[in-house]
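So that the names make sense, note that chain A is the first sequence line, chain B the second, and so on, each numbered from 1. Note that this is a predicted model, so its numbers are computed, not measured.
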Amino acid sequence: MDPKPVRTRFAPSPTGRMHLGSARSALYPFLLARRTGGTFILRIEDTDQKRFVPGAEQELIDGLHWLGINYDEGPDVGGPCGPYRQTERREIYHEYAWKLVELGHAFPCFCTPDRLDKVRQEQMKNKQNPRYDGACRNLNPDEGRRRAASGEKVVIRFKMPKEGSITTTDLLRGPSTTENSALDDSVLLKSDGLPTYHLAAMVDDHLMEITHVIRGSEWLPSLPLHTHIIRAFGWEEPQFVHLSVFLKPSGKGKMSKREAAEAIQDGHSIYVSEMQSLGYIPEGVLNWIALMGWGVSEGDVLTLDDMIARFDIHNLTPSPAAMNFAKLDHFNATHIRLLRTDDLAARVKPYFLREGLAVDDAKLLKIIPLIRERLVTLDDSLPFAAWFFKETVEPKPADLVAKNLTAAQSADVARKAYEILAALSEITPAVAEPPLRLLVEQLGLSPNQVFGILRVAVTGQTVSPPLFESMEIVGKEKVLERVKKAIKVLEST
RNA sequence: GCCCCCAUCGUCUAGUGGACCAGGACGUGGCCCUUUCAAGGCUAAAACUGGAGUUCGAAUCUCCACGGGGGCACCA
């Protein structure tokens with residue numbers, strides 16, 4: 001066993017919306033850290049000032065917070081290895097880049113982007129692999145340093161060995177050997193003084209003592225480069241785990257902007273920040289993304305705590321996974337049903353308020369058990385229960401007419417039901433249901449017909465929570481008032 | 001074009017040479033329950049990409065093909 005405490009990290013770049021793929025990239029290292037009693041870190045990789053999006057970092061932080069993926073060290077909470085924002089660490093990268101030059105594993109390069117472009121185009125025309133032509137590779141380091149110090153635009157490139165090969169290891173895929181001749185002299189430090197990912201991530205993972213690098217599979221092709229860099233410094237190599245990508249629901253190609261838009265049409269989203277307003281709860285979202293790329297044999301309804309207890313990095317799967325929103329709905333509904341009544345009430349309340357409804361908390365608490373198992377998303381509570389918080393309901397006359405009955409016959413049924421209800425001391429399921437069932441029998445009708453009329457009369461809609469329980473919450477006075485009104489409507493139809 | 005990765009029901013997956021006529025979950029069909037809508041119970045259909053090897057024996061190991069995905073920037 002490795003005695004070193006586990007340290008993992010989520011290292012996003014603030015260049016856009018936080019999508020579900022990022023959420024999963026945060027979840028797994030979080031789970032590993034929590035599972036092993038280790039430390040989980042948030043590091044912001046903001047070295048690309050061109051693609052920087054203001055507010056993106058906050059969205060990331062909010063998203064993690066909403067999901068319950070808490071980090072021990074990060075830009076807003078600090079920690080012993082800070083700063084945790086790469087733009088605040090530029091001197092560090094500068095130092096390490098030049099150290100690599102000193103060690104003979106890197107070289108300063110003064111080639112202009114213009115010239116490199118031309119070279120690249122020439123190479124492509126000749127059907128060669130586009131790569132650095134090595135113009136500055138053998139420059140005298142001292143001269144390079146001098147020119148750089150004098151303010152000349154300079155870049156530092158890794159000095160990839162021409163010969164030999166390197167064997168790298170991905171925890172899920174095993175070892176893989178790459179010929180060095182297939183690798184390029186990649187840029188490590190840009191002319192703006194900021195590092196590229198290759199340098200920054202390796203330096204930070206080392207300084208932050210990251211033991212397991214869990215990242216997207218788009219990094220797999222650059223693992224040989226990264227391993228070269230780490231070995232050039234003489235550092236210990238962390239375990240590398242490359243996660244598969246999320247594919248669009250069809251399984252053909254990865255999620256794109258277009259698919260994201262289509263998902264929205266459908267009441268779904270791939271953006272964490274939108275999940276809440278769509279009525280999803282973190283438990284549902286987490287369960288869904290966790291199991292895309294993590295195989296459990298049985299028992300797949302998991303809370304975050306369950307995941308921590310059961311997580312094993314070796315059960316991650318290397319193959320791409322297609323998004324299946326139907327499964328998200330299933331997990332969301334399942335976790336909603338698992339919520340305590342007061343918890344669910346508190347979570348559902350904002351959706352009523354959002355519609356401008358005045359919510360009575362005590363009443364809401366009584367409604368929750370009636371709608372709980374009917375909800376897929378939290379906002380589904382609106383069609384089921386919004387009418388509870390309205391003074392009056394406006395049933396459609398056609399809905400009040402029972403199946404296979406005329407309006408006049410329906411009115412007659414309603415009148416008889418009214419008399420029964422009016423005579424009751426109170427309207428509860430226990431008191432009201434038996435006499436009304438008796439009425440159903442006496443009239444030779446189906447429960448569906450009689451209760452249907454009452455349902456529409458009282459709730460204003462054809463689909464509602466259970467009738468008698470609903471009537472109890474509404475109260476006798478309002479029930480009678482609404483049934484009376486329904487009779488009038490039916491009579492005038 | 002070059003490099004890399006992946007491969008089990010429609011989808012997510014279990015499976016690490018015999019315990020697999022391949023298990024679970026979502027979805028789908030049927031039945032039951034039922035005052036609507038759900039939920040719940042039972043049940044059905046549904047997969048090892050193809051070929052060649054290794055082996056007494058292969059979903060599991062090797063190779064090839066096909067397929068899918070990713071990467072080839074002074075982006076991450």
Side-chain angles (χ1 to χ4, degrees), chain A residues 11-15 45-48 50-51 109 111-113 116-117 120 123-124 126-132 153-157 170 172-173 176 178-179 182-184 186-198 200-201 215-224 242 244-245 247 249-254 288 291-301 315 317-331 333-334 337 371-376 380 383-384 433 436-437 440 446-456 459 461-468:
Chain A
S13 48
T15 54
E45 310 216 322
D46 56 349
T47 57
D48 184 355
K50 285 184 223 87
R51 292 204 304 154
C109 167
C111 297
T112 62
L116 293 173
D117 265 0
R120 215 188 326 267
Q123 287 168 329
M124 301 235 269
N126 298 336
K127 299 207 166 165
Q128 290 174 301
N129 271 351
R131 55 167 59 226
Y132 182 63
K153 282 268 183 203
V154 66
V155 127
I156 290 180
R157 289 180 180 273
D170 171 89
L172 305 181
R173 286 163 256 253
S176 171
T178 309
E179 292 300 320
L183 272 16
D184 205 356
S186 300
V187 171
L188 302 178
L189 197 71
K190 300 181 277 185
S191 61
D192 64 2
L194 283 167
T196 59
Y197 173 87
H198 307 304
R215 56 178 6 180
S217 67
E218 67 269 22
W219 294 114
L220 200 48
S222 40
L223 181 57
H242 294 89
S244 59
V245 292
L247 268 26
S250 64
K252 306 253 183 240
K254 65 172 177 180
W288 181 50
L291 262 25
M292 280 193 281
W294 171 17
V296 295
S297 52
E298 262 165 72
D300 59 2
V301 175
N315 290 135
T317 57
S319 48
M323 296 220 168
N324 182 183
F325 289 111
K327 200 148 190 170
L328 166 63
D329 287 347
H330 163 255
F331 279 126
T334 302
R337 270 179 257 129
I371 62 172
R372 170 186 276 126
E373 66 231 27
R374 284 161 241 267
L375 305 180
V376 171
D380 283 345
F384 277 111
E433 189 165 351
L436 283 171
R437 286 218 178 259
V440 169
S446 72
N448 197 347
Q449 289 171 304
V450 176
F451 298 159
I453 294 169
L454 289 175
R455 163 173 286 106
V456 175
T459 72
Q461 45 199 53
T462 54
V463 174
S464 81
L467 179 60
F468 296 102

On RNA chain B, compare the nucleotides closest to A:Gln128 and A:Leu220; which residue's is nearer the 5' end?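 This one resolves to A:Gln128.
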A:Pro447 or A:Ala182, whichever maps to the more 5' nucleotide of RNA chain B: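 With A:Pro447 and A:Ala182 compared, the 5'-side residue is A:Ala182.
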How many whole angstroms separate atom [atom1] of [X] from atom [atom2] of [N]?
{"X": "A:Asn315", "N": "B:rU16", "atom1": "CG", "atom2": "P", "value": "12 Å"}
{"X": "A:Asp300", "N": "B:rC12", "atom1": "CG", "atom2": "P", "value": "14 Å"}
{"X": "A:Leu467", "N": "B:rU34", "atom1": "CG", "atom2": "P", "value": "17 Å"}
{"X": "A:His330", "N": "B:rG40", "atom1": "NE2", "atom2": "C1'", "value": "12 Å"}
{"X": "A:Trp294", "N": "B:rC12", "atom1": "CH2", "atom2": "C1'", "value": "14 Å"}
{"X": "A:Arg455", "N": "B:rC37", "atom1": "CZ", "atom2": "C1'", "value": "8 Å"}
{"X": "A:Arg372", "N": "B:rA39", "atom1": "CZ", "atom2": "P", "value": "15 Å"}
{"X": "A:Leu223", "N": "B:rC3", "atom1": "CG", "atom2": "C1'", "value": "14 Å"}

Distance between [atom1] atoms of [N] and [M] (Å, rounded):
{"N": "B:rG53", "M": "B:rA47", "atom1": "C1'", "value": "24 Å"}
{"N": "B:rA59", "M": "B:rA19", "atom1": "C1'", "value": "15 Å"}
{"N": "B:rG50", "M": "B:rG10", "atom1": "P", "value": "13 Å"}
{"N": "B:rU54", "M": "B:rU62", "atom1": "P", "value": "15 Å"}
{"N": "B:rC21", "M": "B:rG27", "atom1": "C1'", "value": "25 Å"}

Mind checking if [X] touches a base, just sugar-phosphate, or nothing, with heavy atoms under 4.0 Å?
{"X": "A:Gly293", "value": "sugar-phosphate"}
{"X": "A:Phe331", "value": "nothing"}
{"X": "A:Ser176", "value": "sugar-phosphate"}
{"X": "A:Val296", "value": "sugar-phosphate"}
{"X": "A:Gly452", "value": "nothing"}
{"X": "A:Pro465", "value": "base"}
{"X": "A:Thr317", "value": "sugar-phosphate"}

Indicate yes or no for a side-chain donor-acceptor contact from A:Glu45 to the backbone of A:Ala200 under 3.5 Å, with no hydrogens or angles considered.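 Looks like no, no N/O pair under 3.5 Å.
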Quick tally for nucleotides 67-76 of chain B: nucleotides whose base has a protein heavy atom under 4.0 Å get B, sugar-phosphate-only ones S, the rest -, giving --SSS--BBB
For the side chain of A:Ser319, counting heavy atoms from C-beta on, which of B:rC37, B:rC6, B:rC26 is nearest?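 Closest of the options to the side chain of A:Ser319: B:rC6.
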Where does the angle between the aromatic ring planes of A:Phe325 and A:Trp288 fall among parallel (under 30°), tilted (30 to 60°) and perpendicular (over 60°)?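 The rings of A:Phe325 and A:Trp288 sit tilted, inter-plane angle from 30° to 60°.
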Short side-chain N/O contact to B:rA39 OP1/OP2 from A:Arg337, under 4.0 Å: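 The answer is no; no side-chain N or O of A:Arg337 sits under 4.0 Å from OP1 or OP2.
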Under the 3.5 Å rule, do the base of B:rC37 and the side chain of A:Arg374 count as making a donor-acceptor pair?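 Answer is yes: a donor-acceptor pair is held.
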